[in-house]
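Owing to the predicted nature of the structure, the values given are computational and were not obtained by experimental measurement. Counting from 1, the numbers follow the sequence of the chain as shown. When a ligand or atom number is given, it counts from 1 through the structure's own listing order.
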Amino acid sequence: MYKIAVIPGDGTGPEVVAEGLKCLGAVAEKFSFKYETTTFDFGGERYLRTGETLPDGALDELRKFDAIYLGAIGHPDVKPGILEKGILLRTRFELDQYINLRPVKLYPNVDCPLKDKGPADIDFVVIRENTEGLYTGSGGFLKKGTPDEVAIQTSINTRKGVERCIRYAFEYTRRRNRRKTLTLCGKTNVLTFAFDLWERTFHEVGAEYPDIKRDYAHVDATTMWMVKNPEWFDVIVTDNMFGDIITDLGAMIQGGMGVAAGGNINPEGVSMFEPIGGSAPKYTGQGVINPIAAIGAAQMLLDTLGETKAAECLEKAIIEVVGTKMKSMSAGKMGYSTSQVGDLVAEAVRNA
Ligand code: IPM
Ligand code: MN
């Protein structure tokens, strides 16, 4: 019996999470495993009501689950940063989810903005460090609001944090068993301290993986190759900030935010899975948002629980529905409502 914590969150989060759970129910029945869900109301509404982002004890509570399934965090009436830092980043940090795993995979018949590129060209994975870098909140102001104001925001890179991320990436590349190439994405020509550590660690750890080819690209060049020659990539490993940026580009080349899913992974603890697109407040409550990313997050959750067959079946169902039924991956243009898309995927699972 798996215990799954569900945080539907803000905006369209609850709508897409409902469809993910619908599909999870369908695969659970087919593959005869059992799970129970516990829902938490963390998000903007709760914050506006109580002034609280995560209540005391919430993280200890979340630690008891086998996995966390998250919709989206972000509310138009809450100042940027409060919910992101107070809920999303805090959970990533305190549960030590040090990997942010973001597959970039274009499914057949899904519209891609890149001319002459198809599913054979766009199939790679970004492994983003998820607990350090510019995201730690290290820094501050001096003389704020005066002409002499100073603002400092420091990128923290620890040998331990960098090494465990890079090691995970080598292991992942080996397990994935495709082009057996791991690309370090950095900026060694300018960030000569942080990425010196990354580069040294990359080659030291990489020496233990003679079967994996090591490649390097500066982050600016990475964005260029992702558009020009995405087929060159197998697995990319990078720091928190660069990983954040290049995975939005990744989402676009795989068909849009409606498709992109990610996992915040603690390989030794509790992981959290989410569609990476955010709360999309303008579409809230209209039943037009694409739930495929959330269903893809459920697929990643199953894979991490070790329900590999169930995860594969769910991915096949997604491929069938996006490839043969849906008109578009964009909100309001799918040819179906949010819940109809969930129904189609659940049905494809049952018929598999
Ligand atoms: C993401 C998001 C978050 C991030 C924001 C909401 C804090 O953009 O998951 O990519 O920057 O990590
Ligand atoms: Mn982002």
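Around the Mn ion (ligand 2), the protein contributes the following N, O or S atoms under 2.8 Å, ordered by chain and number: D244 OD1.
Judged by distance alone, the side chains of T131 and E129 do bring a donor and an acceptor atom under 3.5 Å apart.
Within the cation-pi definition used here (under 6.0 Å to the ring centroid, within 45° of the axis), R174 does not qualify as a partner of Y209. A cation-pi geometry, defined here as NZ or CZ lying under 6.0 Å from the six-membered ring centre and within 45° of its normal, holds between R128 and Y135.
For an aromatic pair to be called close, the ring centres must be under 6.0 Å apart, and F242 with F195 satisfies this. Between F202 and F170, the ring centre distance stays below 6.0 Å.
In terms of modelled atom types and a separation under 3.5 Å, the side chain of D121 and the main chain of G118 share a donor-acceptor contact. When atom types are taken as modelled, the side chain of K64 and the backbone of K3 share no donor-acceptor pair closer than 3.5 angstrom. A donor-acceptor distance shorter than 3.5 angstrom exists from the side chain of N264 to the backbone of M272, with no hydrogens or angles considered.
Annotation: ligand 1 has protein neighbours E84, L88, R92, R102, R128, Y135, D244, each with a heavy atom less than 4.0 angstrom from the ligand.
The only option from Y2, F273, F40, Y35 that meets the ring pair (Phe, Tyr, Trp, His ring centres under 6.0 Å) definition with F65 turns out to be F40.
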